[in-house]
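Single-structure report; data block below.
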Amino acid sequence: MQIAAPILAKLSRRTSRICHLGVLEDGMMTYLIKEGDAEDHALSRQGMQLEAYCTGLGKALLAHMPEPQRNDYLSSGTFVALTPHTLTTPEALSAEFDRIRRSGYALDEQEILPGLVCIAVPIQLEGRVIAAISLVVTHKGGPVRPQAYFARLRAAAIEIELRLQPFSDMLQL
């Protein structure tokens, strides 16, 4: 995703936040791009996989899966609570996926790690979600308002989508 890296780097500079791009692989969320963490403070790294149900990126991707696949995912196993905030029932996750589709963004509000808050939005190509991007918005000692970053994050997603359109025939969907 060479197209997305400079867009995420610019977003990271403008927001002073860590940015990610991720995809679903075998029910897991895989980080493909990480920008804005020169000192390697974040848990994430390129190529790393995490459970999708408790990350902003993963939830943005799962929410936009075709319904039969999403239902299969929800019935596929146990969802372990990594923190007291982790959603762990198929019913709670399904309701969260509905909220994500309505609002246009997913949140990880300390679900994978205490103190970590992220907002994520999908990347679409030809009507299908192919990836998602996120911002880590955690503030030490101050209030966290991830929705305040939605417009900038969505603008970056749209820019990526527009730049991907000429290559849609070459991309595996």
Side-chain angles (χ1 to χ4, degrees), residues 4 7-8 11-12 14-25 27-37 41-45 48-67 69-71 73-74 76 78-124 128-161:
I7 296 166
L8 292 181
L11 179 62
S12 176
R14 288 185 173 169
T15 60
S16 300
R17 302 282 170 237
I18 298 167
C19 301
H20 296 104
L21 181 139
V23 296
L24 279 179
E25 293 182 332
M28 299 287 286
M29 194 287 302
T30 303
Y31 291 101
L32 297 183
I33 299 174
K34 178 182 179 183
E35 291 288 341
D37 190 18
H41 288 284
L43 160 77
S44 59
R45 59 186 179 282
M48 179 180 187
Q49 287 191 315
L50 292 174
E51 293 290 346
Y53 68 92
C54 53
T55 66
L57 287 169
K59 290 195 294 183
L61 294 163
L62 291 168
H64 291 90
M65 286 177 115
E67 188 175 358
Q69 289 175 295
R70 192 171 55 248
N71 290 339
Y73 177 85
L74 288 170
S76 68
T78 305
F79 302 103
V80 177
L82 302 177
T83 75
H85 304 281
T86 308
L87 301 177
T88 59
T89 67
E91 297 79 17
L93 287 165
S94 182
E96 179 68 359
F97 297 158
D98 291 343
R99 186 206 59 77
I100 292 165
R101 287 190 305 278
R102 282 191 312 274
S103 68
Y105 64 87
L107 295 173
D108 164 4
E109 296 185 277
Q110 303 185 67
E111 292 177 57
I112 196 156
L113 193 66
L116 180 68
V117 178
C118 299
I119 182 171
V121 298
I123 302 289
Q124 298 185 46
R128 290 189 58 197
V129 171
I130 59 167
I133 60 173
S134 70
L135 277 172
V136 177
V137 297
T138 304
H139 288 286
K140 292 194 178 202
V144 177
R145 293 189 28 228
Q147 294 87 339
Y149 294 92
F150 174 70
R152 289 187 222 176
L153 190 59
R154 187 66 200 127
I158 290 168
E159 186 176 352
I160 292 167
E161 291 167 354

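Computation of the quantities below employed the complete heavy-atom set of this structure, encompassing side-chain atoms and omitting hydrogens, waters and symmetry-equivalent molecules. Nothing fancy with the numbering, it's 1 onward along the sequence.
- Here the closest heavy-atom approach between residue Leu57 and residue Ala120 is recorded as N-CB, 3.6 Å.
- Side-chain atoms of Thr138 come within 3.5 Å of backbone atoms of Val117 as a donor-acceptor pair (strictly under, hydrogens ignored).
- We find the CG-CD1 distance between Leu61 and Ile100 to be 9.5 Å, quoted to the nearest 0.5 Å.
- The backbone N or O of Leu11 lies less than 3.5 Å from a partner atom in the side chain of Thr15, making a donor-acceptor pair.
- Checked options Glu109, Glu111, Glu51, Gln110; the residue passing with Thr86 is Glu111 (criterion: side-chain contact (heavy atoms from CB on, under 4.5 Å)).
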Could you walk me through whether Gln49 and Met29 pass the side chain to side chain contact (heavy atoms under 4.5 Å, CB included) check? CA-CA 5 Å; Gln49 287 191 315; Met29 194 287 302; over 6 Å; no
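- Within the model, atoms CD1 of Ile133 and SG of Cys118 stand 12.5 Å from one another, a figure rounded to the nearest 0.5 Å.
- Annotation: the span from Lys34 atom NZ to Ser134 atom OG amounts to 11.0 Å, rounded to 0.5 Å.
- From Leu24, atom CG reaches atom CD of Gln69 across 9.5 Å, with rounding to the nearest 0.5 Å.
- Evaluation of the side chain to side chain contact (heavy atoms under 4.5 Å, CB included) rule for Ala92 yields Leu87, Thr89 as partners, not counting sequence neighbours.
- Taking both residues in full, the closest heavy atoms of Ala60 and Ala106 are given as N-CB, 3.6 Å, listed atom of the first, atom of the second, then distance.
- Screening residues 79-121 for ring-ring contact (aromatic ring centres under 6.0 Å, His included), with sequence neighbours left out, gives Tyr53-Phe79, Tyr73-Phe79, Tyr105-Phe150.
- In summary, Arg154 and Glu161 engage in a salt bridge, as defined by a charged side-chain N under 4.0 Å from a carboxylate O.
- Side-chain contact check for Leu113 versus Leu82: every heavy-atom pair is 4.5 Å or farther apart.
- In terms of heavy-atom proximity, Arg101 sits nearest to Ala63 at NH1-O, 2.9 Å.
- At least one donor-acceptor pair under 3.5 Å links the side chain of Ser103 to the backbone N or O of Arg99.
- Contact record, Ala4 with Ile160: CB-CD1, 3.8 Å, taken as the closest heavy-atom pair.
- Without hydrogens or angle criteria, Arg70 side chain to Met65 main chain gives a donor-acceptor distance under 3.5 Å.
- Under the 3.5 Å distance criterion, the side-chain polar atoms of Thr88 are left unmatched by any main-chain donor or acceptor of Val80.
- When all heavy atoms of Leu135 and Cys19 are compared, the pair lying nearest together is CD2-SG, 3.2 Å.
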Report the C-alpha distance between Leu50 and Tyr31 in whole Å, list the side-chain angles of each, state the deciding distance to 0.1 Å, and finish with yes or no for side chain to side chain contact (heavy atoms under 4.5 Å, CB included). CA-CA 8 Å; Leu50 292 174; Tyr31 291 101; 3.4 Å; yes
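- Taking both residues in full, the closest heavy atoms of Pro146 and Val137 are given as CB-CG2, 3.6 Å, listed atom of the first, atom of the second, then distance.
- The backbone N or O of Leu107 lies less than 3.5 Å from a partner atom in the side chain of Lys59, making a donor-acceptor pair.
- Under the 4.5 Å side-chain criterion, counting only non-hydrogen atoms from C-beta, Arg17 is not in contact with Val136.
- Residue Asp108 holds its CG atom at 8.0 Å from OG1 of Thr83, rounded to the nearest 0.5 Å.
- Atom-to-atom distance recorded for Thr55:OG1 and His20:NE2 is 10.0 Å, nearest 0.5 angstrom.
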